[in-house]
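Quick caveat: nothing in here was measured; it's all calculated off a predicted structure.
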Amino acid sequence: MLELSAEKGMLPTPTEPGPTKAVLLMAYGSPKNHEEILPYYTHMRGGRTPSPEALAELQARYAAIGGHSPLAEITIAQADGLRRALNSGEDRPWAVYVGMKHSHPFIEDAVREMAEHGVKQAIGIVLAPHYSVMSIAEYLKRASRTAQETPGAPQLTFVEAWHLHPGYISWLAGQVRAELAKLGKQRSQRALTIFTAHSLPARLREMGDPYPDQLGETAAAVAAELGLGNWTTGWQSMAQTAGEPWLGPDLLEVVRSEKAKGTSDFVVCACGFVADHLEVLFDLDVVAKREASELGITIARTAMPNADPQFLEVLSDLARNGFVEPS
């Protein structure tokens, strides 16, 4: 695994002369060890220190998945794989810079490093396929603001959403097909496939935010490719915010409701995420599996893209098609 310093976000790049094309690859971030959980959680809360009870709960979740989330390592593997894919057969080298939303190296670190290296133009891609003003827009705003404030920073263009990229839909379809096949023909025909993404405050619907509809569009596209008749969407990983409803129905609400109707096999495709991390390893592999055991049903989940070569080709295509040559 490549090492990435806490302050630097660039992966090793080719040293051939000539202008470099660059990608700013952005992800949520995660603590790399127990000691980083508090500063990470504090940053997530806008600088407000969590209560001892809230911190202990988050620490317990990380403990339940082995002590830490592998998201940081996976993001670096994705970035390294993307760099290799982009530089295959290229006469000009691509550089890939990693910027995290809530942990080192931050988005701001990566933009400043690009300026130090003389990068003139970069394409920004967030490792999340669905757009929302409460998610993707925040990444883009931070990158753009830093570029405006940093002398010599590159011009940035962004891929805002890629939830219907044909390669991504094909990859998801392959994972759903594989999980259904494990059930056998008869059980797979009765199984319910649930496509999920991270829930956000429900006021998004009133704002006309595209996020809820984009989850449905991804799910419908995968179902169409598979000829899938028994599927639905749900939301997971809701935060506990007093007095504010979040997008629903919750995944487990869907499972309980459908179990009451006689469904006993479920396949969860967490298509709003692209890596194994806390919301997958805890919310699905621990909480949902525990619920399944109590209900006497089966819940399988599809594999996450991580650094799968087919997924890296999706990112490569996004970068190549989104990059704007400097004027």
Side-chain angles (χ1 to χ4, degrees), residues 1-30 32 69-101 103-107 109-129 139 143 154 156-159 162-163 165-172 174-175 273-277 280 302-326:
M1 185 67 65
L2 288 175
E3 294 293 331
L4 185 70
S5 76
E7 300 300 330
K8 298 296 184 180
M10 193 194 77
L11 291 161
T13 56
T15 57
E16 291 85 347
T20 297
K21 295 181 281 189
V23 178
L24 172 60
L25 196 64
M26 294 172 280
Y28 195 82
S30 69
K32 302 177 184 65
S69 164
L71 180 62
E73 295 94 330
I74 291 171
T75 302
I76 299 308
Q78 290 171 325
D80 184 47
L82 173 59
R83 178 180 61 83
R84 294 176 187 277
L86 286 169
N87 284 306
S88 176
E90 284 281 322
D91 57 354
R92 290 171 54 199
W94 283 82
V96 177
Y97 295 76
V98 173
M100 305 288 195
K101 187 178 182 182
S103 63
H104 291 289
F106 290 108
I107 293 169
D109 299 328
V111 174
R112 295 186 189 110
E113 190 174 14
M114 286 192 287
E116 293 174 6
H117 293 172
V119 175
K120 301 302 181 186
Q121 188 80 30
I123 176 70
I125 302 173
V126 180
L127 287 168
Y139 292 79
L156 293 173
T157 53
F158 300 99
V159 177
W162 44 274
H163 66 292
H165 187 285
Y168 186 54
I169 298 301
S170 177
W171 192 90
L172 293 172
Q175 306 314 305
F273 306 108
V274 299
D276 286 308
H277 62 308
V280 173
T302 58
M304 303 308 294
N306 294 334
D308 184 279
Q310 185 179 343
F311 177 63
L312 297 178
E313 285 302 321
V314 172
L315 297 180
S316 175
D317 187 61
L318 292 172
R320 293 180 194 278
N321 289 326
F323 186 81
V324 177
E325 291 287 350

Participant: Do L82 and L25 come within less than 4.5 Å of each other through their side chains, counting heavy atoms only?
Facilitator: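 Yes. Closest side-chain heavy atoms under 4.5 Å.
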Participant: Looking only at heavy atoms, which two atoms of A275 and N306 are closest? And how far apart?
Facilitator: CA-OD1, 3.1 Å
Participant: So, for G167 and V314, which heavy atoms are closest and what is the spacing to 0.1 Å?
Facilitator: C-CG2, 3.5 Å
Participant: Answer with yes or no whether the side chains of Y97 and H117 bring together a donor and an acceptor at under 3.5 Å.
Facilitator: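 Note: H117 and Y97 side chains meet the donor-acceptor criterion.
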Participant: State, to 0.1 Å, how close V119 and A22 come at their nearest heavy-atom pair, and which atoms those are.
Facilitator: CG1-CB, 3.6 Å
Participant: Any side-chain heavy atom of Y168 sitting closer than 4.5 Å to one from V274?
Facilitator: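 Side chain of Y168 against side chain of V274, heavy atoms only: contact under 4.5 Å found.
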Participant: Which heavy atom of V96 sits nearest a heavy atom of L86, and at what distance?
Facilitator: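 Nearest heavy atoms, V96 then L86: CG2-CD1, 4.4 Å.
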Participant: Should M100 and I107 count as side-chain neighbours, where that means a heavy-atom distance under 4.5 Å?
Facilitator: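 No - every pair of side-chain heavy atoms lies 4.5 Å or more apart.
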Participant: Could you check whether any side-chain heavy atom of Q121 comes within less than 4.5 Å of a side-chain heavy atom of P154, counting everything from C-beta outward?
Facilitator: no
Participant: Could you tell me which non-hydrogen atom of T157 sits nearest to which non-hydrogen atom of G322, and how far apart they are?
Facilitator: OG1-O, 3.5 Å
Participant: What are the two closest heavy atoms between K32 and H104, and how far apart are they?
Facilitator: NZ-O, 2.9 Å
Participant: Using the rule given for side chain to side chain contact (heavy atoms under 4.5 Å, CB included), can you reason through H277 versus M304, listing the C-alpha separation, both sets of side-chain angles and the distance that settles it, and then say yes or no?
Facilitator: CA-CA 10 Å; H277 62 308; M304 303 308 294; 5.5 Å; no
Participant: With the side chain counted from C-beta on, respond yes when I123 and V324 share a heavy-atom pair under 4.5 Å apart, and no when they do not.
Facilitator: no
Participant: Start with the C-alpha gap between L24 and V111, add the side-chain angles, then the distance that decides, and say whether side chain to side chain contact (heavy atoms under 4.5 Å, CB included) holds.
Facilitator: CA-CA 8 Å; L24 172 60; V111 174; 4.0 Å; yes
Participant: At what distance, to the nearest 0.5 angstrom, does CG of D276 lie from OG of S69?
Facilitator: 8.5 Å
Participant: Looking at Q78 and F311, would you say the former's side chain and the latter's main chain have a donor-acceptor pair under 3.5 Å?
Facilitator: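 No; judged by distance alone, with no hydrogens or angles, the pair does not exist.
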Participant: I need the M114 CE to L156 CG distance, nearest 0.5 Å.
Facilitator: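 The distance works out to 5.5 Å.
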Participant: Kindly indicate whether the side chain of S170, heavy atoms from C-beta on, has any atom under 4.5 Å from the side chain of Q310.
Facilitator: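 They are in contact (side-chain heavy atoms under 4.5 Å apart), so the answer is yes.
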Participant: Roughly how far apart are H165 NE2 and N321 CG, rounded to 0.5 Å?
Facilitator: 7.0 Å
Participant: Carefully, step by step, assess I76 and V98 under the rule side chain to side chain contact (heavy atoms under 4.5 Å, CB included).
Facilitator: CA-CA 7 Å; I76 299 308; V98 173; 4.1 Å; yes
Participant: Between S103 (side chain) and S30 (backbone), is there a donor-acceptor pair under 3.5 Å?
Facilitator: yes
Participant: With rounding to the nearest 0.5 Å, note down the distance linking CH2 in W171 to CG in D308.
Facilitator: 6.0 Å
Participant: Evaluate R320 against S316 for side chain to side chain donor-acceptor pair (under 3.5 Å), listing each step before the verdict.
Facilitator: CA-CA 6 Å; R320 293 180 194 278; S316 175; 3.2 Å; yes
Participant: Is the closest basic N to carboxylate O distance between R83 and D80 below 4.0 Å?
Facilitator: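 Here R83 pairs with D80 in a salt bridge, since their nearest N and O are under 4.0 Å apart.
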Participant: Can you name the one residue among F158, W162, Y139 that meets side chain to side chain contact (heavy atoms under 4.5 Å, CB included) with V126?
Facilitator: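 Of the listed options, the one satisfying the test is Y139.
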